[in-house]
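Below is one structure, written out as structure tokens; comments come after it.
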Amino acid sequence: MDLHDAETLGTPAIRLTTAKERTPLPAIEAALPLLQLLGAMVQGSRAPYRLAVLRALQGDGAGRWRTRQVQQLVPWMEPASVTTIVGDLHRAELLERDEIDGRFRLPPRVRALVALIDALATGDVPVRSLVRVIGHAMALARAAGAGEDIVLGQFRSAMAQLRLGGEELRALINDHSDAALREAGESVRENARAMELLLDQHQDFFIAHRQDTLFLDVEQEALELVATVGGAAGEVVTLLSDLAGTRLRFAGRIDRRELREMMAGLGTDGLAALVEGLTSEPASAPAIDAAAAMEALGELSQRTPAAPPRLPPVGPAPRSAPSEVASPTEVMAGELRSLESSTPVAHLVALVDWATAVARHTDLVDAYARHGDDLPALKLVNQVAEVGQAGVARASASCIKVGP
Amino acid sequence: MTAEEVAGLLVCGTLPADACPELADAEFATEVDQRLAAVGLVRALGSGRWVARRREPDEAPPGFEPFHRLHQAHLALLAAVYLHLVYLPTQAGVTPADDATISFDELATTFSGYKRRKVQAWVSELRRSGHLGGEGDAIAAGPLLAAIDPVVAEERAEQAVRSYLVRRNVRDRLGEERDAED
């Protein structure tokens, strides 16, 4: 199912969150007739033939052609087929027919589209040329009178490509392939140079918008990207190139700490590769040093195996009675049960000092939480009483009620 | 000693450089070399001793069992010793000393992923085979390691150092850029 089918199969309609005039849609809709022409060129099985005829016409200086002349421009196609293709092109408005002399001509917008297709006829855009290609697209957009937001968007796209290159370089640092790192470095360096050139070529564009901080920020960011990512890429290429040996001798000395770090990065296989094939097994079996052998034997014979203590026999774990010391909570519960008259909570807890009062208050709360049903009723009062004893200035005015 | 005797000794072991003054004579040395070459060996001087090492490894028939087989860990250990004792002083413009040693602890740091006893075993094996020298915890290059092709070994080491420096520099530069972005 293609996108066109999806539109016709009752998928939900597209809704906007704002007025259409505030979106890029009007500008895009204005461009649609031109883009539909492009679609007419490249769709269908006859697209290669249509493009071939258009390219032949584009490259011919005449500018107006009769069908017979078109047939002469495409000698590798049978004349009847050329006539069919010319008919197709005329129906798709890719060729105009002069009302007076009946000759065909290329409309200006078709000429622009064919030029664009020719430029992209390489089939793919190499990553290393992407910023340059985007730079040319910027130039095209400006020449065609595109809005400044479109031009700026293209420029940001070039910046994103350069930034991605930097990320790729960073990712390849831990890859042990110098070839991959160098290739990425060359690609990023080329894009950084293209970005520098792009900044030069479109200097007037940025100067014209100097009053806009957005443009200033983007330009500044691009310059920093060129300096950092482009600089790092240049360093990668230089150091990994054949000239690096010379440079290394002047600037690339390492100390023992760096050597340790390097060896840790190489790992066993990387280290082994440094001497692989350079050293070999000895030609013969080496004589065993008798003294060393006896020494090793002596050491071995004196070595006693480790003797861990024996494990206890298997049996049930001993049971012990729980501690008979009553918990403070139980002590407090006993005190509460033995009360003979109603007593304020403050009098019960504020006995010795502040610390003891806090501990007894905690025990009292715990006792009511565990044994509340068996204890005298607690009358909660939402007020504070002045106590003034045992280090306690104020306490809750709640009271323990005993009796009716 | 005759050339035949010297060649016979070198097949079995190593000779101190000053133990055979006859080797200073070009004709005598050529005869020794021809005898060694006939069995695929080449004479080299390493750590002050004459040693006969194999030339390019030959294709061995199936079932061949060498007296010693160097595996990856052995080679890695030899490379580490070479980098410490030969490459590091050379790149600083100092001639490596014949009696230079590194401590076992230094070597064990590089192989921290392996058990210490295992690394000790490799050192012992390489000492017995003549690749390493020294005594106890002091490890020196043996005749077989000292006799490796210095040009190729230095080229490979330089390439590894270059690669390390590139990665470190790029990481530093791009790291600074990332920090600035953050």
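So you know, we letter chains A, B, ... as the sequences are listed, proteins then strands, and number each from 1.
With rounding to the nearest 0.5 Å, the separation of CZ in B:Phe111 from OG1 in A:Thr268 is 6.0 Å. With rounding to the nearest 0.5 Å, the separation of CE in A:Met263 from NE2 in B:His84 is 3.0 Å. Rounded to the nearest 0.5 angstrom, A:Arg256 CZ and B:Glu106 CD are separated by 6.0 Å.
With a 4.5 Å cut-off on non-hydrogen atoms, B:Leu88 touches chain A through its side chain but not through its backbone. In this structure, chain A has a heavy atom under 4.5 Å from the side chain of B:His131, while its backbone stays farther away. With a 4.5 angstrom heavy-atom cutoff, A:Leu274 touches chain B via backbone and side-chain atoms both.
Side-chain atoms of B:Gln91 come within 3.5 Å of backbone N or O of A:Ile254 as a donor-acceptor pair. Listed for the B:Arg156 side chain is a donor-acceptor partner under 3.5 Å among the backbone atoms of A:Glu276.
Not counting sequence neighbours, the partners of B:Asp105 by the side chain to side chain contact (heavy atoms under 4.5 Å, CB included) test are B:Ser103, B:Arg116.
Taking chain A as the reference chain and counting heavy-atom pairs below 4.5 Å, the highest number among B:Leu78, B:Leu75, B:Asp149, B:Ile148 is found for B:Leu75.
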Worksheet item: Stepwise, does the side-chain contact (heavy atoms from CB on, under 4.5 Å) test hold for A:Leu271 with B:Leu83?
Response: CA-CA 10 Å; A:Leu271 273 172; B:Leu83 288 171; 3.8 Å; yes

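A side-chain donor from one of A:Glu261 and B:Tyr164 sits under 3.5 Å from a side-chain acceptor of the other.
Along residues 27-35 of chain B, no residue comes nearer than 4.5 angstrom to chain A, judged on non-hydrogen atoms.
The number of heavy atoms from other shown groups lying within 6.0 Å of CD (B:Gln72) is above 12.
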